[in-house]
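All residue numbers in this chain count up from 1 along the given sequence.
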Amino acid sequence: MVMLGNIEKYHIILASNSPRRRELLAGLGVPFEVKVLPDIEENYPADLPVAEIAEYIAQEKADAYRQLIGKHDLVITADTIVVVGDEVMGKPHDADDACRMLRKLSNRTHQVITGVCLTTADKQRQFSVKTDVTFKSLSEEEIAHYVNHYQPFDKAGAYGIQEWIGYIGVTSLQGSYFNVMGLPVQRIYTEMMEF
């Protein structure tokens, strides 16, 4: 049995609807509850540097929970963006938008940045993790097949690395694979142990 130190003294709340984030956090072997507030805006100032966007949104989400945090609660909020060239890709609006995003990712390297905020009643720590992902040249048929069969409309950049498109398309990855899935669990574990 691994000693989880500081983590065990908190009631951990994952503030996310994402099944992938739930699965990843469960992999750490710590008990947690999922609690999601409706209608939290995911906006950011237009002049904010790209590298700071995901962390900014994660902190905005955390601030929405401030009044609900009990003495022993630790709330985890996160936001993931995909950056290719100078474009920040969030979740696609529809199938056409998803196809457009995948065409842009084709035969290029992009960055996946996940911002995370750990918040208790008296403390907050935020950080972001970046992973470089390279796709092969994707054909129109591959893009259409993926979008039609997997409908990646809840995923930044219109893809899930753990799905078919990741199997056939990703040629290299530098950084955390789990970060690309939506939650950099290794870094979260380290930060919680030091919290």
Side-chain angles (χ1 to χ4, degrees), residues 1-40 42 54-66 68-82 90-92 111-133 146 149-167 169-170 173-195:
M1 177 75 179
V2 175
M3 296 300 292
L4 296 175
N6 284 340
I7 298 173
E8 293 177 329
K9 71 183 182 185
Y10 292 111
H11 169 239
I12 298 171
I13 298 169
L14 176 63
S16 175
N17 265 327
S18 166
R20 292 163 302 282
R21 287 190 178 133
R22 286 196 295 267
E23 175 190 341
L24 290 168
L25 190 59
L28 289 181
V30 297
F32 66 93
E33 172 189 2
V34 174
K35 194 180 287 186
V36 181
L37 295 177
D39 304 323
I40 296 178
E42 296 188 9
E55 197 172 315
Y56 178 91
I57 295 172
Q59 186 170 358
E60 289 286 298
K61 290 178 181 178
D63 289 345
Y65 285 83
R66 280 264 187 205
L68 306 173
I69 297 175
K71 184 178 178 186
H72 298 288
D73 292 343
L74 178 122
V75 176
I76 301 172
T77 54
D79 189 72
T80 301
I81 61 170
V82 169
K91 298 169 186 169
Q111 287 72 47
V112 177
I113 304 170
T114 301
V116 178
C117 197
L118 306 177
T119 307
T120 63
D122 58 356
K123 203 156 63 165
Q124 189 173 69
R125 180 177 295 183
Q126 62 270 349
F127 55 88
S128 56
V129 174
K130 183 182 90 164
T131 304
D132 290 333
V133 181
Y146 177 67
H149 287 83
Y150 292 87
Q151 301 187 347
F153 309 127
D154 64 336
K155 296 173 177 70
Y159 80 93
I161 194 167
Q162 73 280 8
E163 294 177 340
W164 182 81
I165 199 79
Y167 293 174
V170 174
L173 182 141
Q174 281 191 300
S176 167
Y177 173 83
F178 299 116
N179 181 53
V180 182
M181 281 182 68
L183 203 63
V185 285
Q186 186 279 328
R187 178 72 183 274
I188 287 173
Y189 174 80
T190 300
E191 295 284 350
M192 286 198 305
M193 289 293 280
E194 296 171 355
F195 205 61

inquiry  = Taking ring-ring contact (aromatic ring centres under 6.0 Å, His included) as the definition, give me every residue that meets it alongside His72, ordered by chain and number, with sequence neighbours left out.
reply    =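 With neighbours one apart ignored, the set is empty.
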(message) Holding to ring-ring contact (aromatic ring centres under 6.0 Å, His included), I want the full list of residues that pass it with Phe127, two or more places apart in sequence or in another chain.
(response)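 In terms of ring-ring contact (aromatic ring centres under 6.0 Å, His included), with neighbours along the sequence ignored, Phe127 is linked to no residue.
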Please give me the minimum heavy-atom distance between [X] and [Y], naming the atom from each residue.
| X | Y | value |
| --- | --- | --- |
| Tyr159 | Ile165 | CB-CG2, 3.7 Å |
| Ile76 | Leu118 | CG1-CD2, 3.7 Å |
| Leu24 | Phe178 | CD2-CD2, 3.3 Å |
| Ile13 | Lys35 | CG2-CB, 3.6 Å |
| Ala15 | Thr77 | CB-CG2, 3.7 Å |
| Cys117 | Ala62 | SG-CB, 3.7 Å |

For this session: Taking atom types as modelled, find out whether Gln186 and Thr190 have a side-chain donor-acceptor pair closer than 3.5 angstrom.
Result: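 Side-chain D/A pair, Gln186 to Thr190: present.
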Open item on the list: Could you check whether Thr114 and Arg21, counting side-chain N and O atoms only, form a donor-acceptor pair closer than 3.5 Å?
Closed with: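 No, because no side-chain N or O of Arg21 sits under 3.5 Å from a partner of the opposite role on Thr114.
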Separation between [atom1] of [X] and [atom2] of [Y], rounded to the nearest 0.5 Å:
| X | Y | atom1 | atom2 | value |
| --- | --- | --- | --- | --- |
| Ile81 | Glu55 | CD1 | CD | 11.0 Å |
| Asn179 | Thr131 | CG | OG1 | 3.5 Å |
| Lys130 | Gln111 | NZ | CD | 5.0 Å |
| Asp79 | Ser18 | CG | OG | 11.0 Å |
| Leu25 | Leu183 | CG | CG | 6.5 Å |
| Thr120 | Arg125 | OG1 | CZ | 10.0 Å |

Test item: [X] and [Y] side chains (from C-beta on) under 4.5 Å apart, heavy atoms:
| X | Y | result |
| --- | --- | --- |
| Gln162 | Tyr177 | yes |
| Glu60 | Glu42 | no |
| Asp154 | Arg20 | yes |

Heavy atoms of other groups near Tyr146 OH, more than 12 under 6.0 Å: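 For Tyr146, atom OH is crowded (more than 12 foreign heavy atoms under 6.0 Å).
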Is it the case that more than 12 heavy atoms not belonging to Gln124 sit under 6.0 Å from its CD atom?
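Counting other residues, nucleotides and ligands, CD of Gln124 exceeds 12 neighbours.
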Practice item. Check the pair Met181, Ile161 against side-chain contact (heavy atoms from CB on, under 4.5 Å), reporting the backbone distance first and the verdict last. Key: CA-CA 6 Å; Met181 281 182 68; Ile161 194 167; 3.8 Å; yes
**Request:** Show your reasoning for whether side-chain contact (heavy atoms from CB on, under 4.5 Å) applies to Val116 and Val129.
**Result:** CA-CA 8 Å; Val116 178; Val129 174; over 6 Å; no
Margin query: With salt bridge (Lys or Arg N to Asp or Glu O under 4.0 Å) as the rule and sequence neighbours excluded, what pairs involving residues 177-189 come up?
Written below: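 As it turns out, the salt bridge (Lys or Arg N to Asp or Glu O under 4.0 Å) pairs with a partner in residues 177-189, which skip direct neighbours, are Arg187-Glu191.
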One pair to check against side-chain contact (heavy atoms from CB on, under 4.5 Å): Leu37 and Leu68. What are the steps and the verdict? CA-CA 10 Å; Leu37 295 177; Leu68 306 173; 3.6 Å; yes
- Counting N and O atoms only, with roles assigned by atom type, does the side chain of Lys71 sit under 3.5 Å from a partner on the main chain of Ala121, one being a donor and the other an acceptor?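 Side chain of Lys71 to backbone of Ala121, a donor-acceptor pair under 3.5 Å: no, none is there.
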*Step by step, would you call Ile40 with Tyr65 a side-chain contact (heavy atoms from CB on, under 4.5 Å)?*
CA-CA 10 Å; Ile40 296 178; Tyr65 285 83; 3.8 Å; yes
